[in-house]
Amino acid sequence: IMGLGIRCEISMLSLGDFMWIAKRIDQDGIGQGNQCAVLDCIVERKTVADLASSIVDGRYLEQKMRLRRCPLRTKLYIVEGHSLSSGIPRHSNISTAAIRSAMVSTQVEFGISVVRTRGLDHTVSTLAALHRQVQTRFHAGHTPSPFIPLFSFVRQFSKIGVETSGQLLQYQLKQIPGCSTAASL
């Protein structure tokens, strides 16, 4: 979790890989951990290989569904890799067209902006630019209304476990090579 100003914290997130929070700092410069509010931006980051793997095992759809429910204004899905075809593992049964289709679906059907980066350095510079934008909006008073306390966000958007026997069967079938959503794309 990137803090605003010079403070930067790392934590396990219930949704996304990067999000920004505002943390109340007292006069001694010590943060009040229970007074954190989620700002209006969340980012999910995947390498092309990670995206291919998550499409095959079903994590991709589950993450997209949770991101769609998320009330934050700016939702980004960073796909990192110089080219789609070079990032797909050789043993994978997923095509470049399936990955391209998943990226379009993420943007069009789910309203989550897809950002392509060439590699890790490009991803870092993209996140740094995004951090400056979030920080500028925050200091200008453009904050989400109402603020969502961090503990509420974590509780509300934690991973959903398998709830029905049908979901369990679907999850198990996706573990069999060639028996996935990607195989039909």
Side-chain angles (χ1 to χ4, degrees), residues 1-4 8-22 36-89 92 94 96-135 137-138 144 148-162 167 171 174 180-182 185:
I1 298 175
M2 291 187 174
L4 293 172
C8 180
E9 299 180 23
I10 298 173
S11 179
M12 294 297 292
L13 298 177
S14 58
L15 180 63
D17 292 316
F18 302 93
M19 70 185 310
W20 284 256
I21 62 166
C36 295
V38 176
L39 295 181
D40 61 353
C41 186
I42 189 163
V43 177
E44 177 71 34
R45 173 195 162 263
K46 297 257 187 248
T47 63
V48 173
D50 290 339
L51 179 57
S53 174
S54 71
I55 290 169
V56 171
D57 70 17
R59 287 178 293 127
Y60 160 76
L61 184 58
E62 186 267 338
Q63 287 172 336
K64 272 195 333 184
M65 296 298 284
R66 289 189 305 127
L67 276 171
R68 178 165 55 182
R69 286 188 350 197
C70 173
L72 302 183
R73 178 176 48 166
T74 305
K75 303 172 198 175
L76 298 178
Y77 205 96
I78 293 178
V79 179
E80 180 181 294
H82 188 66
S83 75
L84 294 180
S85 58
S86 66
I88 300 173
S92 177
I94 192 164
T96 310
I99 291 178
R100 207 172 279 117
S101 175
M103 290 169 34
V104 169
S105 165
T106 299
Q107 183 120 6
V108 175
E109 285 181 57
F110 287 79
I112 301 165
S113 298
V114 175
V115 176
R116 290 289 317 277
T117 61
R118 293 179 299 277
L120 184 57
D121 290 343
H122 189 205
T123 299
V124 170
S125 64
T126 300
L127 289 169
L130 185 59
H131 175 73
R132 288 188 295 274
Q133 288 176 4
V134 171
Q135 191 173 29
R137 284 195 314 253
F138 179 78
I148 303 169
L150 180 60
F151 70 88
S152 295
F153 184 89
V154 169
R155 188 180 31 186
Q156 184 177 359
F157 294 101
S158 292
K159 262 189 192 170
I160 301 166
V162 175
Q167 288 174 321
Y171 178 77
K174 286 179 183 178
S180 68
T181 343
L185 294 178

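Evaluation of the salt bridge (Lys or Arg N to Asp or Glu O under 4.0 Å) rule for Arg116 yields no partner, not counting sequence neighbours. Residues passing the salt bridge (Lys or Arg N to Asp or Glu O under 4.0 Å) test with Arg100: none are found, sequence neighbours excluded.
Note: Lys75 NZ to Ser113 OG = 10.0 Å, rounded to the nearest 0.5 Å. Interatomic distance, CZ of Arg137 versus SG of Cys41, reported as 6.5 Å (0.5 Å rounding). The distance from the CH2 atom of Trp20 to the CZ atom of Phe138 is 14.5 Å, given to the nearest 0.5 Å. The structure places CZ of Arg73 at 4.5 Å from CG of Asp40, a figure rounded to the nearest 0.5 Å. In this structure, the separation between CZ on Phe18 and CG on Leu76 is 11.5 Å, given to the nearest 0.5 Å. Atom CZ of residue Arg45 and atom CG of residue Leu51 lie 12.0 Å apart, to the nearest 0.5 angstrom.
Side-chain N or O atoms of Ser54 include one that pairs as donor or acceptor with a backbone N or O of Asp50 at under 3.5 Å. No donor-acceptor pair under 3.5 Å is formed between the side chain of Ser101 and the backbone N or O of Ala97.
Nearest approach of Leu72 to Leu39, heavy atoms of both residues: CD2-O, 3.2 Å. Of all heavy-atom pairs spanning Leu67 and Ile42, the tightest one is CD2-CG2, 4.0 Å. The shortest heavy-atom contact between Ala102 and Tyr60 is O-OH, 2.6 Å. A pairwise comparison of heavy atoms in Ile99 and Ala52 identifies CD1-CB, 3.9 Å as the closest pair. Minimum interatomic distance between Ala98 and Ile55 (heavy atoms only, all atoms of both residues): O-CD1, 4.5 Å.
Contact of the Phe153 side chain with the Met19 side chain is registered, since non-hydrogen atoms from C-beta on lie closer than 4.5 Å. Thr126 is not listed as a side-chain neighbour of Val43, based on a closest heavy-atom distance of 4.5 Å or more.
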One pair to check against side chain to side chain contact (heavy atoms under 4.5 Å, CB included): Leu127 and Ile78. What are the steps and the verdict?
CA-CA 10 Å; Leu127 289 169; Ile78 293 178; 4.1 Å; yes
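Of the candidates Arg66, Lys64, Arg59, Glu62 forms a side chain to side chain donor-acceptor pair (under 3.5 Å) with just one, namely Arg66. Among Glu80, Met103, Gln63, the single residue meeting the side-chain contact (heavy atoms from CB on, under 4.5 Å) criterion with Lys46 is Gln63.
No side-chain donor from either of Gln156 and Ser152 sits under 3.5 Å from a side-chain acceptor of the other.
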